[in-house]
Enquirer: 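Below is one structure. I have some questions about it.
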2 protein chains.
Amino acid sequence: MTKSDKILEAALKLFITDGFHGTPTSKIAKEAGVANGTLFHYFSTKEILISELYLNVKKHLSNYLNHNLDMCKTTREKSKAICTKWIRWGIENPDKFTFFQQFANSPFINSISREEGAKNFEFAFEIIEEGISNGSLIDIDKYLIISILFGAINGLIHFALEFPEKFDDDYLETGFRMLWRSIANI
Amino acid sequence: MTKSDKILEAALKLFITDGFHGTPTSKIAKEAGVANGTLFHYFSTKEILISELYLNVKKHLSNYLNHNLDMCKTTREKSKAICTKWIRWGIENPDKFTFFQQFANSPFINSISREEGAKNFEFAFEIIEEGISNGSLIDIDKYLIISILFGAINGLIHFALEFPEKFDDDYLETGFRMLWRSIANI
DNA sequence: GTCTATAAGCTGATAGAC
DNA sequence: GTCTATCAGCTTATAGAC
């Protein structure tokens with residue numbers, strides 16, 4: 001593990017407990033086991049460190065969602081794969097999930113363009129588009145479908161993180177059935 | 001408007017653009033048109049100021065949701081009233097909504113107990129319970145229903161704030177129909 | 001209650017040796 | 001690339017006059 005990775009890992013851990021501004025760079029360096037100056041060698045400002053961490057986590061999620069996705073044929077299968085994987089990702093990576101939510105609801109997100117935000121997630125939009133044109137999804141704005149889906153998935157992850165004993169395959173089944181009923185054209 | 005209210009108003013405005021730690025108390029006082037010391041006369045620490053603001057906003061939302069709710073009879077009517085009002089509240093109070101989201105996803109929320117978080121929203125849980133027992137809602141954990149609903153409503157508000165021209169009565173109709181289909185027992 | 005003045009402590013970032 | 005030493009500026013909070 002490179003020093004750069006150690007710094008990002010330490011930052012993630014501290015950010016979710018103390019917040020962005022509440023975490024001094026000195027503390028990040030200490031937690032990462034590197035000198036203060038080393039941090040600024042890799043990330044010239046604190047803000048750059050934060051956005052690189054965000055891009056990192058976003059990439060990690062999109063890779064996770066994309067994995068083996070081409071094995072699914074119908075819109076429903078693809079949607080199910082994405083939704084359940086997303087929830088799994090949240091449960092398996094609670095720190096990354098929390099950071100993602102924190103960042104998405106922080107003023108930092110404004111410094112990132114909408115294109116950059118949607119980058120690596122084009123495949124999700126394509127699936128929604130495909131579903132609308134083949135008639136399996138209701139015919140409304142694809143961004144609206146994504147917004148609702150995204151919000152509901154966050155809700156499912158929040159619940160499962162709060163009550164871990166209730167999380168199992170059944171939970172994923174039930175959860176997806178609820179999501180699907182809200183967007184399916186039936 | 002009291003000085004105390006002016007301080008809270010200024011804090012809300014600054015927090016959503018600069019973040020909690022990114023907003024100095026001196027700036028809040030200046031924006032509110034009061035002296036630095038006056039701020040600490042009303043709120044002995046910055047943290048207390050932040051949580052009081054949160055309780056304030058939460059109360060504002062719950063009052064908004066509760067208004068004339070007893071005119072609704074069925075579970076569906078009550079649910080619809082709450083969901084559409086919640087979305088309206090978000091559109092009419094974008095600053096409060098943004099602050100609420102920011103706070104809910106910040107480390108500050110951890111200093112507040114779950115009971116305190118759910119306070120003033122007991123009526124929503126009661127409606128869900130009622131719906132489950134009278135068979136109009138699917139029979140799953142009420143906290144799960146709330147989590148999904150809450151997430152999806154946030155998604156609907158986010159979308160409407162981003163594309164204000166798409167927000168109208170039709171939007172609320174379509175939005176609620178989607179939410180209802182996911183939780184209704186049909 | 002409201003203000004001004006102030007301090008102790010911390011923060012992001014730099015300089016320069018190795 | 002990595003470290004130590006250091007600073008200039010800002011931050012929360014207090015003290016005390018009015």
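Note that the structure is predicted; figures quoted are calculated from it, not measured. Below, read A as the first sequence line, B as the second, and so on, with proteins coming before strands; counting in each chain starts at 1.
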Enquirer: What protein N or O atoms touch nucleotides 6-8 of chain C N or O atoms at under 3.5 angstrom, if any, and at what distances?
Expert:
none

Enquirer: Please enumerate all residues that pass side-chain hydrogen bond (donor to acceptor under 3.5 Å, both in side chains) together with A:K27, with sequence neighbours excluded.
Expert: A:D18

Enquirer: With sequence neighbours excluded, what pairs up with A:I48 under the side chain to side chain contact (heavy atoms under 4.5 Å, CB included) test?
Expert: A:S44, A:T45, A:E52

Enquirer: State which residues pass side-chain hydrogen bond (donor to acceptor under 3.5 Å, both in side chains) with B:W89; sequence neighbours excluded, sorted by chain then number.
Expert: B:H60

Enquirer: Residues in side chain to side chain contact (heavy atoms under 4.5 Å, CB included) with B:D95, at least two apart?
Expert: B:L12, B:I16

Enquirer: Looking at every non-hydrogen atom in both residues, tell me the closest pair between A:L14 and A:E31 and how far apart they are.
Expert: CD1-CB, 3.9 Å

Enquirer: Does a side-chain heavy-atom distance below 4.5 Å link B:S136 with B:N185?
Expert: no

Enquirer: Donor-acceptor pairs under 3.5 Å, side chain of residues 108-115 of chain A to any protein atom, not counting sequence neighbours: which ones?
Expert:
{"unit_1": "A:N110", "atom_1": "ND2", "unit_2": "A:P107", "atom_2": "O", "d": "3.4"}
{"unit_1": "A:S111", "atom_1": "OG", "unit_2": "A:F108", "atom_2": "O", "d": "2.5"}
{"unit_1": "A:S113", "atom_1": "OG", "unit_2": "A:E116", "atom_2": "N", "d": "3.1"}
{"unit_1": "A:R114", "atom_1": "NE", "unit_2": "B:E162", "atom_2": "OE2", "d": "2.8"}
{"unit_1": "A:R114", "atom_1": "NH2", "unit_2": "B:E162", "atom_2": "OE2", "d": "3.3"}

Enquirer: Enumerate the residues from residues 7-34 of chain A whose closest heavy atom to DNA chain C is under 4.0 Å, giving them by residue number; use none for an empty result.
Expert: A:T23, A:P24, A:T25

Enquirer: Give me the first and last nucleotide of DNA chain D, going 5' to 3', that has any atom under 4.0 Å from a heavy atom of chain A.
Expert: D:dG1 to D:dT4

Enquirer: Name the residue from A:F97, A:F150, A:Y64 that meets the ring-ring contact (aromatic ring centres under 6.0 Å, His included) definition with A:W86.
Expert: A:F150

Enquirer: Mind checking side-chain hydrogen bond (donor to acceptor under 3.5 Å, both in side chains) for B:K3 and listing every partner two or more places apart, or none if nothing turns up?
Expert: none

Enquirer: Using heavy atoms and a sub-4.0 Å distance, could you list which residues of residues 40-49 of chain B are near DNA chain C? By number, please.
Expert: B:H41, B:Y42

Enquirer: Between B:F99 and B:F20, what is the ring plane arrangement, given parallel below 30°, perpendicular above 60°, and tilted in between?
Expert: perpendicular

Enquirer: Determine which pairs satisfy salt bridge (charged side-chain N to carboxylate O under 4.0 Å, His left out) with at least one residue from residues 84-94 of chain A, sequence neighbours left out, and list them in order.
Expert: A:R88-A:D169

Enquirer: I need the full list of ring-ring contact (aromatic ring centres under 6.0 Å, His included) pairs touching residues 111-134 of chain A, with sequence neighbours left out, sorted by first then second residue.
Expert: A:F125-A:Y143

